[in-house]
Amino acid sequence: MIADDLAAALDAALTAAGLEPPGPGIEIVPTKNRDHGDWQTNVAMVLAKTVGAPPREVAARIVAALEAAAPRHVARVEIAGPGFINFVLAPTWLYDVMAAVIAEPVTYGHGDAYAGLAVNLEFVSANPTGPLHAGGGRWVAVGDAIANLLAAQGAQVHREYYLNDAGRQLDTFTASLLARYRDEPLPEDGYQGGYLIDMAAAMRAELGDDVDAEQAADWGYQAVVRELRDDLARIGVHFDTWFSERTLHERGDVAAVLAALRAGGHTYERDGAEWLASEALGDQRDRVLVRSNGTTTYLTNDLAYHRDKLARGWTHLIDIWGADHHGQVKSLQVAMRALGIGTEAAPEPEIMLGQLVKLERGGVVVRLSKRTGTVITLSDILDEVDPDVARLTFLLQGIDTSLTFDLDVVTAASMENPVYYVQYAHARVSSIARRAAAAGVARPPFAEIDPSVLVHERELDLLRSLAEYPEMLRHAAALRAPHRVTTWVRDFASRVHGFYRDCRVITDDPELTHARLWLVEATRIGLAGSLTILGVSAPESMARLEADEDEPDAAG
RNA sequence: GCGCUCGUAGCUCAACGGAUAGAGCAUCUGAUUACGGAUCAGAAGGUUGGGGGUUCGAUUCCCUCCGAGCGCACCA
């Protein structure tokens, strides 16, 4: 590819000019502004200091060497601005891009940055005390997309859901369920959500009128987990493992972790409890491992859990947490290090914090709480919009920013959702292919077409986007930032629509028609590939939008 | 009080330390007897919260102030 060619040429030029080879901070990237050529490098500016000459002077030496042995496709090399070296390329470089896309219709842009890495990605993991709420959909969509991103870089990825089925919250849940079942007052800070009334009725229908506490605990837990699975299936996310916290206690994993920490001299007694000396390791303060009543804290259990994931063979752990849990990040990572796992620079687990979703309805914030009973579930959302809309809405922005999910905008006015804009682009290009086939216009083998007839700016813009796609994917994976894929595909879709408008594909000119049909195919590959990473479908056709006036009026 | 995260166009958000900070929505102007108009073209909109620093270059990194959200349990 062109990036490698340019890098090699630059490397050689630096040597020829008697300069140091490229080091950190030096980049060869596509230009943002077409006035600056097609690709650019900042090498002269970075080297200026050590060379002891002005950047433009250094650039001049490099350019002289570059011109002596110009790499393929390079039409011109220019020095610009503070010392950028700009490469002006012939369009032929883009025809190479097109060939590369066509050669890998399913995996174009994928890489091997994480080949050999076995990642355990834990996300969602909402407590099994009720249905997934609407805001939790963010972790569903983001986690699944990150898994896809990592897999596209060669990692083996395992999606895992942790069920906190051993804590006090589950007891409270059971007590609440039982209270609803017996039509008694809810316990102090019980779950007030209306869903428990429905569950109690379902339990009565299934088990009769003599359910005891133990049966209720078991049935309630099973019912909730079943519901969680169903909700996730509705949005198309599959977890490879549903891990039960109880297992850790039953197998003695928790006790084993405690023993290891004691052996390492990281624990001490105070006030009848057992503490981890975590402040000395970099935590804000020391943490309790074993309460004075003899039970272990979440931290101890979590340590056992993460150690188990590694014991199961995963070489890297990633957790996605809500930002409201950020206070626990340091504790867990520091304690893992006390167990000899991970380093300060590369902690295990890697924890991604995501800002919580703010739900609005008609511009008014809706506060959600299973406790107080205000529950808008993911399932409620999926009753109104299809999974693609829900997913892309959650993937529009980075997880560092708090996301406002306006239920009215996303549901009632869903036609404005960007997902349709992108999917429509895919439906359009698919339509062109169908149209051509119906008209008896066969696409000759790619090797037999002449791509050089593709000279329209719209056509070249499509190929430029596709040229950047692999790097974008690699970067999005490294940053665990699927919203970059969303940004890319929205921009790409915009170029597709522009191309569609200005460049008729099926014409009287067979050569142009053939080349454009292949360009359309490359475009389809880019759209479908990126949407697949996002977990959004790429439809070949869409239902025609009906004009608002055609909607049956409430008065009529 | 301590800590984490954030502050970019009217609104919602982008932007590997790079050149003139970009999109969508909303507003205003235009384009269609259609390879699907759920589209396209254009206009307008900014002291990137304030102030310092690092450097050839800062929305990005560091310090400080202001503002917002969230944590600071022998709950998870």
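Predicted model, so just to flag it, every value in this text is computed and none were measured. In what follows, every chain begins at residue 1, and chains take the letters A, B, ... in the order their sequences are listed.
In this structure, a donor-acceptor pair under 3.5 Å is absent between the side chains of A:Asn164 and A:Gln169.
By the 5.5 Å and 30° criteria, A:Phe84 is not stacked with the base of B:rG18. In this structure, A:Tyr424 forms no aromatic stack with the base of B:rU39, since the conditions of centre separation below 5.5 Å and plane angle below 30° are not both met. The ring of A:His483 does not lie on top of the base of B:rA14; it is either too far (5.5 Å or more) or too tilted (30° or more).
At a cut-off of 3.5 angstrom, counting only N and O atoms as typed in the model, there is a donor on one side and an acceptor on the other between the side-chain of A:Gln328 and the base of B:rA76. With hydrogens and angles left out, the side chain of A:Asn42 and the base of B:rA19 share no donor-acceptor pair within 3.5 Å. Taking only distance into account, the side chain of A:His326 meets the base of B:rG3 through a donor-acceptor pair shorter than 3.5 Å. With hydrogens and angles ignored, no donor-acceptor pair under 3.5 angstrom links the side chain of A:Arg435 to the base of B:rG36. A donor-acceptor contact under 3.5 angstrom links the side-chain atoms of A:Gln40 to the base of B:rA19. Contact of A:Ser292 with B:rC74 (side chain to base): a donor-acceptor pair of N or O atoms is detected under 3.5 Å. On a pure distance criterion of 3.5 Å, no polar donor-acceptor pair joins the side chain of A:Arg501 and the base of B:rA41.
Taking the six-membered ring where the residue is Trp, A:Tyr469 and A:Trp488 present tilted rings, their angle falling between 30° and 60°.
Annotation: B:rG24 and B:rA38 have their C1' atoms spaced 15 Å apart (nearest Å). Straight-line distance between the P atoms of B:rC4 and B:rC11: roughly 29 Å, to the nearest whole Å. Going from the P atom of B:rC28 to that of B:rU5 covers 43 Å, rounded to whole Å. Comparing the C1' positions of B:rG7 and B:rA14 gives a spacing of 15 Å, expressed to the nearest Å.
The residue A:Asp491 sits apart from the nucleic acid: no heavy atom pair falls under 4.0 Å. Nucleic acid contact class of A:Arg458 (heavy atoms, under 4.0 Å, all strands): sugar-phosphate only. Within 4.0 Å of A:Ala323, counting heavy atoms only, lie sugar-phosphate atoms of the nucleic acid but no base atom. Residue contacts for A:Val29: at a heavy-atom cut-off of 4.0 Å it reaches a base atom on one of the strands shown. Residue contacts shown for A:Asp283 are absent, as no nucleic acid heavy atom lies under 4.0 Å away.
Under 4.0 Å is where a charged nitrogen must lie from a carboxylate oxygen, and between A:Arg464 and A:Glu457 at least one such pair does.
A stem is defined here as three or more consecutive Watson-Crick or G-U pairs, each with both distances under 3.5 Å; for RNA chain B these stems are B:1-7 with B:66-72, B:10-13 with B:22-25, B:27-31 with B:39-43, B:49-53 with B:61-65.
With A:Val489 as the fixed residue, the side-chain contact (heavy atoms from CB on, under 4.5 Å) test singles out one of A:Leu395, A:Leu527, A:Val496, A:Val419: A:Leu527.
Side-chain atoms of A:Asp491 do not come within 3.5 Å of backbone N or O of A:Ser494 as any donor-acceptor pair.
With sequence neighbours left out, A:Asp253 forms a salt bridge (Lys or Arg N to Asp or Glu O under 4.0 Å) with A:Arg251.
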